[in-house]
Amino acid sequence: MDEKEKIEFEESLALRNLELNLFWQRSWFFGALLLAVVSGYFVNIEKGPFVPPICVSFLLVLISLFQSLMNRGSKYWQERWKHYTQDIEKSIRINVLKTEMPNSKERKKIDKDITDKKENFLTKSRKFSVSKLTILVWDIICLCSFMLWGHDIFRIFSSPNIDCYFTVKIVGFHLIIGIYIFLFWWRGRVFENINKQNN
């Protein structure tokens, strides 16, 4: 292995591991943020609306939606560096990630050793994708937040005592944030089409 290949391999492996760590750090950050907003939502309802509940539930929708998107982005970059590392492994004939076993017999033996351990059914190892389960959890949180927001919308607009000024403020709040998100998404290049850039 020449020096250039060694540096490329070490860098790609380090970046893959960094993406794995960032995946969990981002989840913890957004989890704490979501917990704070949910607490604020229920304290706000209990002690009187300092901030209209519909605004807080709208923030819950945005936080959980962006976390769901961020999880998918993290998974993409982690897999990208994993593939890049595997390509270098093949070219220099090493197998650090152990993604390719010499033969299927060895792979089956390893799987059998792990899954056939005499363990409680509830604590037994399974081949679940941890990142996909994290994405699923955040998608469910996003759907629940969306339903809470819909409930708040229905509650406000079905009330017989609708204050016109209050309604304008609520609509304005949603409109300003919606426009900002649209402009940021459109101009901020949140989604990068790498294939399009390469053409």
Side-chain angles (χ1 to χ4, degrees), residues 12-45 53-87 96-101 107-108 110-117 119-155 174 177-178 180-182 184-186 188-196:
S12 66
L13 196 59
L15 286 167
R16 175 188 169 270
N17 292 335
L18 175 69
E19 285 299 332
L20 284 169
N21 289 332
L22 288 176
F23 180 88
W24 295 112
Q25 288 173 12
R26 290 172 185 135
S27 291
W28 280 107
F29 170 76
F30 271 86
L33 182 61
L34 188 79
L35 205 63
V37 176
V38 167
S39 301
Y41 180 84
F42 288 107
V43 167
N44 191 32
I45 286 176
I54 191 171
C55 296
V56 183
S57 59
F58 184 59
L59 288 177
L60 287 173
V61 169
L62 295 179
I63 290 167
S64 54
L65 174 65
F66 293 149
Q67 177 59 31
S68 291
L69 296 175
M70 195 176 298
N71 283 338
R72 287 166 171 81
S74 288
K75 186 165 171 52
Y76 168 80
W77 289 106
Q78 181 265 319
E79 287 178 358
R80 186 171 188 260
W81 285 113
K82 179 182 173 186
H83 283 291
Y84 186 70
T85 306
Q86 286 173 332
D87 288 345
V96 173
L97 295 181
K98 302 294 181 199
T99 51
E100 286 185 25
M101 298 295 175
R107 185 175 33 232
K108 284 178 185 172
I110 291 171
D111 285 347
K112 192 170 177 358
D113 288 346
I114 293 169
T115 56
D116 286 355
K117 281 170 64 177
E119 253 185 82
N120 185 313
F121 173 76
L122 297 172
T123 59
K124 199 170 187 179
S125 300
R126 303 278 186 239
K127 291 197 284 185
F128 293 121
S129 168
V130 180
S131 57
K132 286 178 185 173
L133 286 173
T134 306
I135 289 170
L136 176 64
V137 167
W138 277 100
D139 286 355
I140 291 169
I141 291 171
C142 186
L143 287 170
C144 292
S145 301
F146 190 79
M147 287 187 283
L148 180 65
W149 179 51
H151 169 74
D152 287 340
I153 289 171
F154 179 76
R155 193 175 63 195
H174 285 74
I177 291 180
Y180 179 76
I181 291 169
F182 172 75
F184 189 86
W185 196 281
W186 179 47
R189 293 178 62 189
V190 175
F191 178 78
E192 291 190 37
N193 190 343
I194 292 168
N195 295 330
K196 192 174 178 182

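This chain uses plain numbering: 1 for the first residue, then up along the sequence.
- Two residues are said to be in side-chain contact when any heavy atoms from C-beta on lie closer than 4.5 Å; Gln67 and Val137 fail this criterion.
- For the pair Arg72 and Ser68, the tightest heavy-atom approach, listed with the atom from each and the gap, is NH1-O, 3.1 Å.
- Looking at Ser131 and Asn71, their side chains never come closer than 4.5 Å, going by heavy atoms from C-beta outward.
- Shown here are the side-chain hydrogen bond (donor to acceptor under 3.5 Å, both in side chains) partners of His151, two or more places apart in sequence or in another chain: there are none.
- Rounding to the nearest 0.5 Å gives a distance of 13.0 Å between CZ of Arg26 and OG1 of Thr134.
- In this structure, the separation between SG on Cys55 and CG on Leu60 is 11.5 Å, given to the nearest 0.5 Å.
- Side-chain contact of Ser57 with Asp152: a donor-acceptor pair under 3.5 Å is present, judged by distance alone.
- Here Ile141 contributes atom CD1 and Leu65 contributes atom CG; the two are 12.5 Å apart, rounded to the nearest 0.5 Å.
- At least one side-chain heavy atom of Trp77 sits less than 4.5 Å from a side-chain heavy atom of Arg80.
- In terms of the side chain to side chain contact (heavy atoms under 4.5 Å, CB included) criterion, residue partners of Ile153 (sequence neighbours excluded) are, by chain and number, Ile54, Trp149, Phe157.
- The OG atom of Ser74 lies 8.5 Å from the CD1 atom of Ile135; values are rounded to the nearest 0.5 Å.
- Within 6.0 Å of the CZ atom in Phe146, the count of heavy atoms belonging to other residues, nucleotides or ligands does not exceed 12.
- Remark: Cys142 SG to Ile140 CD1 distance equals 11.0 Å, nearest 0.5 Å.
- Interatomic distance, OG of Ser64 versus CZ of Phe66, reported as 9.5 Å (0.5 Å rounding).
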